[in-house]
Amino acid sequence: MATATSSQSRWVYCAFCLGLGALFAWHAWSQASAHWTLASRGQRTEAAIVGYDEVRGRRSTTWYPVFQFATADGRRVRAASGASAEPAQSPAGSRVTVVYDPAHPATVQQASALEAGPGVTPWILGAMALLMFALASVFLLPRKPKATG
């Protein structure tokens, strides 16, 4: 009976690691894909920073600039960036170059943040996914038989 329980628990651990790895991989891909989509299809325009959305955490506060700009077809858009910024570096009222998705103009990012790349988060999530897949494979290895003596 101990062998069946041990075998079952190995499959549970394997499934858990595979599921967690898939979750990490999906998040890494979605973040990188969103960046690449905006970088490849995005339209550049001038925008005014009209304020900042403030997100308070336990130990820190993050600010996301709110841009106001006109699309190529003349629509006025007011949208918050997905990339944080320091209000001291670009105060409200500043004019900056932004890149927006023509299909979804509320998806906008400051051009300098977009040019800096997707950041380290997709890489970290991808590494965590690989680690979880490797750990899952360890649970698939056959167990060494116990020595009988």
Side-chain angles (χ1 to χ4, degrees), residues 1-45 47 49-69 71-72 75 77-90 92 94 96-149:
M1 186 77 167
T3 307
T5 304
S6 175
S7 177
Q8 288 174 343
S9 64
R10 288 170 57 89
W11 282 108
V12 169
Y13 292 141
C14 179
F16 176 76
C17 290
L18 286 174
L20 201 54
L23 186 66
F24 283 138
W26 180 81
H27 278 291
W29 176 254
S30 67
Q31 287 191 4
S33 177
H35 172 81
W36 294 326
T37 299
L38 192 57
S40 65
R41 289 192 303 187
Q43 295 271 317
R44 286 180 171 266
T45 191
I49 298 176
V50 294
Y52 282 87
D53 283 346
E54 183 178 328
V55 178
R56 291 181 183 262
R58 255 189 188 163
R59 296 187 176 124
S60 65
T61 302
T62 307
W63 293 276
Y64 297 93
V66 178
F67 302 114
Q68 185 169 336
F69 59 95
T71 63
R75 285 185 292 160
V77 177
R78 183 182 178 120
S81 174
S84 63
E86 286 294 324
Q89 292 177 346
S90 300
S94 300
V96 294
T97 302
V98 296
V99 179
Y100 69 92
D101 185 348
H104 307 282
T107 303
V108 63
Q109 221 177 79
Q110 194 166 341
S112 60
L114 189 64
E115 291 163 358
V120 297
T121 305
W123 293 105
I124 292 171
L125 290 170
M128 292 298 293
L130 290 175
L131 179 67
M132 288 295 111
F133 293 144
L135 189 57
S137 70
V138 168
F139 290 113
L140 293 175
L141 295 174
R143 293 194 72 153
K144 292 181 183 178
K146 291 186 180 184
T148 57

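Values in this document were obtained by computation on a predicted structure and should not be read as measured data.
Rounding to the nearest 0.5 Å places CZ of Arg10 at 7.5 Å from CG of Leu141. Considering CG of Leu135 and CZ of Phe16, their distance stands at 9.5 Å, rounded to 0.5 Å. The line from CD of Gln31 to CD1 of Ile124 is 10.0 Å long, rounded to the nearest 0.5 Å. Taking OH from Tyr100 and OG1 from Thr45, the interatomic distance works out to 6.0 Å, rounded to the nearest 0.5 Å. The CE atom of Met128 lies 11.0 Å from the CG atom of Leu23; values are rounded to the nearest 0.5 Å. Atom OG of residue Ser40 and atom NE2 of residue His35 lie 9.5 Å apart, to the nearest 0.5 angstrom.
Contact detail for Pro122 and Ala28: the closest heavy-atom pair is O-CB, 3.4 Å. Between Ala25 and Ala129, the shortest heavy-atom distance links the atoms N-CB, 3.6 Å. The shortest non-hydrogen separation linking Ala39 to Leu114 is CA-CD2, 3.9 Å. Residue Phe67 comes nearest to Ala47 through the heavy atom pair CB-CB, 4.0 Å, listed as atom of the first residue, atom of the second, then distance. Minimum interatomic distance between Gln110 and Ser90 (heavy atoms only, all atoms of both residues): NE2-OG, 4.3 Å. Minimum interatomic distance between Pro105 and Ala79 (heavy atoms only, all atoms of both residues): O-CB, 4.5 Å.
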Check against side chain to side chain contact (heavy atoms under 4.5 Å, CB included), Val99 and Gln109: CA-CA 6 Å; Val99 179; Gln109 221 177 79; 5.6 Å; no

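Using a 4.5 Å heavy-atom cutoff, the side chains of Val108 and Val77 are not in contact. Counting only heavy atoms from C-beta outward, the side chains of Thr71 and Gln43 never approach each other to under 4.5 Å. Between Val55 and Trp63 there is no side-chain heavy-atom pair separated by less than 4.5 Å. The closest side-chain heavy-atom distance from Val66 to Asp53 is below 4.5 Å.
Phe139 and Tyr13 have tilted rings, their planes meeting at an angle from 30° to 60° on a 0 to 90° scale.
Between the side chain of Ser137 and the main chain of Ala134, a donor-acceptor pair closer than 3.5 Å is present. Without hydrogens or angle criteria, Thr37 side chain to Ala34 main chain gives no donor-acceptor distance under 3.5 Å.
Summarising the local packing, CD of Gln89 is surrounded by 12 or fewer heavy atoms from other residues, nucleotides or ligands at distances under 6.0 Å.
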